[in-house]
Amino acid sequence: MSQPQIRPDVAAFLDFGRQSGQPPLNALPIEEARAMLVRMRVLADADPTPLAIVRDLFIETNGQTIPARLYDRRPTRGESPIILFYHGGGFMVGDLETHEPFCTYLADGIDLPVLAIDYRLAPEHPFPAAPDDAEAAARWAAKSPAELGFRVTSMITCGDSAGGNLAVVVARQLTGRPAAVPVIAQWVIYPFFGCGKDYPSFALFGEGYMLTEDAMDWFDQGYAAPPDEPRHNIRIGRAAPGVPLLIQVAGLDPLRDHGRAYAEKAREESVPVRLIEADGLIHGFICLRRAIPSAAADIDAFIVEAKAMLADIGILATA
């Protein structure tokens with residue numbers, strides 16, 4: 001079998017990680033793992049894009065207080081779609097800080113407000129806390145609360161890795177039991193879909209390419225979701241009917257084939273699908289623009305596809 005093509009900056013980043021002696025996330029106590037991911041942002045990611053609005057909010061719903069952060073390139077809006085962003089991190093790590101550079105870049109590039117959701121994390125809050133919070137936050141935003149400062153006309157669910165799982169789950173839940181405004185698109189990046197390891201990409205890239213099989217097992221144990229639960233295993237049940245789906249996978253990611261398989265499933269169920277692949281890139285690349293400069297072009301490609309999808313459904317991001 002031929003060796004996969006690895007970009008030079010990806011190879012350098014992986015070599016640095018191997019030589020650093022830094023233990024993997026799954027070898028650390030959970031609070032140390034979370035702190036390490038925040039520190040990694042400063043070293044590995046680009047600086048946040050300056051925006052007119054970066055504002056912390058607190059969503060009070062269903063007896064829970066869910067922290068969130070609003071990003072917008074415009075100081076004021078009358079009405080607009082909103083992008084709901086759910087961060088990755090195996091449902092156990094990651095927060096508003098780890099993904100702030102990407103969220104600011106997305107808000108600036110799409111010219112739509114982005115609301116990042118800081119859902120509860122396992123193992124303190126195992127399944128179904130994350131999808132419960134993700135859906136509750138979406139229903140809150142759909143009602144155009146005063147805290148947002150504009151009228152929400154529709155929603156786009158978006159996320160990376162575990163957050164991609166939540167983005168698809170929320171789109172499904174809100175098409176089955178609609179919120180005050182509809183979900184018009186779902187955008188996911190190297191998503192985790194909870195459908196097991198019986199895919200070639202797990203064997204090819206489960207060791208030595210950033211996200212490891214050991215780390216995934218650690219995440220699964222902490223999150224403790226039943227394998228036959230449709231709010232975890234996305235292959236169970238139908239795709240959100242009529243909600244266009246954009247999936248970006250990474251070529252060197254053990255989860256690559258999760259994304260490919262779900263794209264095929266959604267197409268078979270007549271959902272409009274755009275599938276793009278970041279060849280030679282690893283899992284987590286949206287948070288690695290400083291460490292892996294070539295990833296910037298793939299993030300830009302994602303934004304181009306997202307804007308094209310908005311045009312397809314009659315919404316101009318620049319309106």
Side-chain angles (χ1 to χ4, degrees), residues 1-15 17-18 24-26 88-92 159-169 186-223 225-239 245-269 271 273-288 292 294-295 297-299 301-302 305:
M1 181 180 296
S2 61
Q3 290 296 310
Q5 182 178 357
I6 304 176
R7 300 179 189 186
D9 54 358
V10 172
F13 175 72
L14 293 173
D15 286 343
R18 283 189 286 266
L25 283 179
N26 52 289
F91 307 103
M92 291 177 63
D160 74 312
S161 193
N165 179 292
L166 296 176
V168 169
V169 165
Q186 41 190 335
W187 300 342
V188 298
I189 306 167
Y190 43 77
F192 168 77
F193 281 154
C195 45
K197 301 177 183 178
D198 192 21
Y199 295 91
S201 58
F202 276 85
L204 289 169
F205 309 119
E207 185 60 44
Y209 295 92
M210 184 76 164
L211 178 63
T212 66
E213 185 171 356
D214 285 348
M216 289 183 281
D217 289 343
W218 182 64
F219 291 142
D220 285 346
Q221 290 164 12
Y223 191 46
D228 58 350
E229 164 58 58
R231 289 199 298 163
H232 173 66
N233 184 342
I234 306 301
R235 293 300 300 276
I236 299 174
R238 293 184 59 81
L245 172 66
L246 168 59
I247 298 182
Q248 185 175 43
V249 298
L252 305 179
D253 183 1
L255 297 180
R256 180 195 66 191
D257 295 345
H258 271 204
R260 289 178 175 178
Y262 190 70
E264 181 179 356
K265 169 184 168 65
R267 283 191 180 118
E268 290 172 352
E269 296 174 2
V271 172
V273 175
R274 289 173 178 261
L275 174 65
I276 57 175
E277 186 157 329
D279 293 326
L281 266 183
I282 57 174
H283 192 87
F285 68 80
I286 68 166
C287 297
L288 298 172
I292 303 177
S294 69
D298 296 276
I299 296 170
F302 177 81
E305 291 291 332

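Since the structure is predicted, the reported quantities are computational estimates derived from the model, not experimental observations.
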Test of understanding: with side-chain hydrogen bond (donor to acceptor under 3.5 Å, both in side chains), list the residues that count as partners of [X], not counting sequence neighbours.
{"X": "S201", "result": "D257"}
{"X": "D214", "result": "none"}
{"X": "R231", "result": "D132"}
{"X": "R238", "result": "none"}

Q: Please identify each residue that fulfils side chain to side chain contact (heavy atoms under 4.5 Å, CB included) with P226, with sequence neighbours left out.
A: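 Result, side chain to side chain contact (heavy atoms under 4.5 Å, CB included) vs P226: F127, D228, E229.
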
Q) Taking only residues two or more places apart in sequence or in another chain, which ones pass side chain to side chain contact (heavy atoms under 4.5 Å, CB included) with D198? A)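 By the side chain to side chain contact (heavy atoms under 4.5 Å, CB included) rule, D198 matches no residue at all.
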
Q. How would you list, by chain and number, every residue that makes a salt bridge (Lys or Arg N to Asp or Glu O under 4.0 Å) with E213, sequence neighbours excluded?
A.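 Testing E213 for salt bridge (Lys or Arg N to Asp or Glu O under 4.0 Å), a comparison that skips the adjacent residues, returns K197.
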
(Q) Taking salt bridge (Lys or Arg N to Asp or Glu O under 4.0 Å) as the definition, give me every residue that meets it alongside D15, ordered by chain and number, with sequence neighbours left out. (A)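 D15 satisfies salt bridge (Lys or Arg N to Asp or Glu O under 4.0 Å) with R18 once adjacent residues are dropped.
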
Got a second to check how far [X]'s [atom1] is from [Y]'s [atom2], nearest 0.5 Å?
{"X": "L204", "Y": "R256", "atom1": "CG", "atom2": "CZ", "result": "6.0 Å"}
{"X": "D160", "Y": "L166", "atom1": "CG", "atom2": "CG", "result": "10.5 Å"}
{"X": "I292", "Y": "L14", "atom1": "CD1", "atom2": "CG", "result": "6.5 Å"}
{"X": "I234", "Y": "N165", "atom1": "CD1", "atom2": "CG", "result": "4.0 Å"}
{"X": "I299", "Y": "I189", "atom1": "CD1", "atom2": "CD1", "result": "7.5 Å"}

Q | Partner residues of F202 under the ring-ring contact (aromatic ring centres under 6.0 Å, His included) criterion, sequence neighbours left out | A |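 F202 satisfies ring-ring contact (aromatic ring centres under 6.0 Å, His included) with H258 only.
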
**Q.** Qualifying residues under ring-ring contact (aromatic ring centres under 6.0 Å, His included), relative to H232, sequence neighbours excluded
**A.**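 With sequence neighbours excluded, H232 shows a ring-ring contact (aromatic ring centres under 6.0 Å, His included) to F192, Y223, given in chain and number order.
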
Q.
Counting C-beta onward and ignoring hydrogens, is there a side-chain heavy-atom pair between I282 and F205 closer than 4.5 Å?
A.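 Side-chain contact under 4.5 Å: no.
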
Show which side-chain atoms of residues 245-254 pair as donor or acceptor with protein atoms under 3.5 Å away, not counting sequence neighbours.
residue : atom : partner : partner atom : Å
Q248    : NE2  : D298    : O            : 3.0
D253    : OD1  : L255    : N            : 2.9
D253    : OD1  : H283    : ND1          : 3.3
D253    : OD2  : H283    : ND1          : 2.8

Under 3.5 Å donor-acceptor pairs involving side-chain atoms of residues 259-266, not counting sequence neighbours:
residue : atom : partner : partner atom : Å
R260    : NE   : E277    : OE1          : 3.2
R260    : NH2  : E277    : OE1          : 2.9
R260    : NH2  : E277    : OE2          : 3.0
K265    : NZ   : G237    : O            : 2.6
K265    : NZ   : E269    : OE2          : 2.8

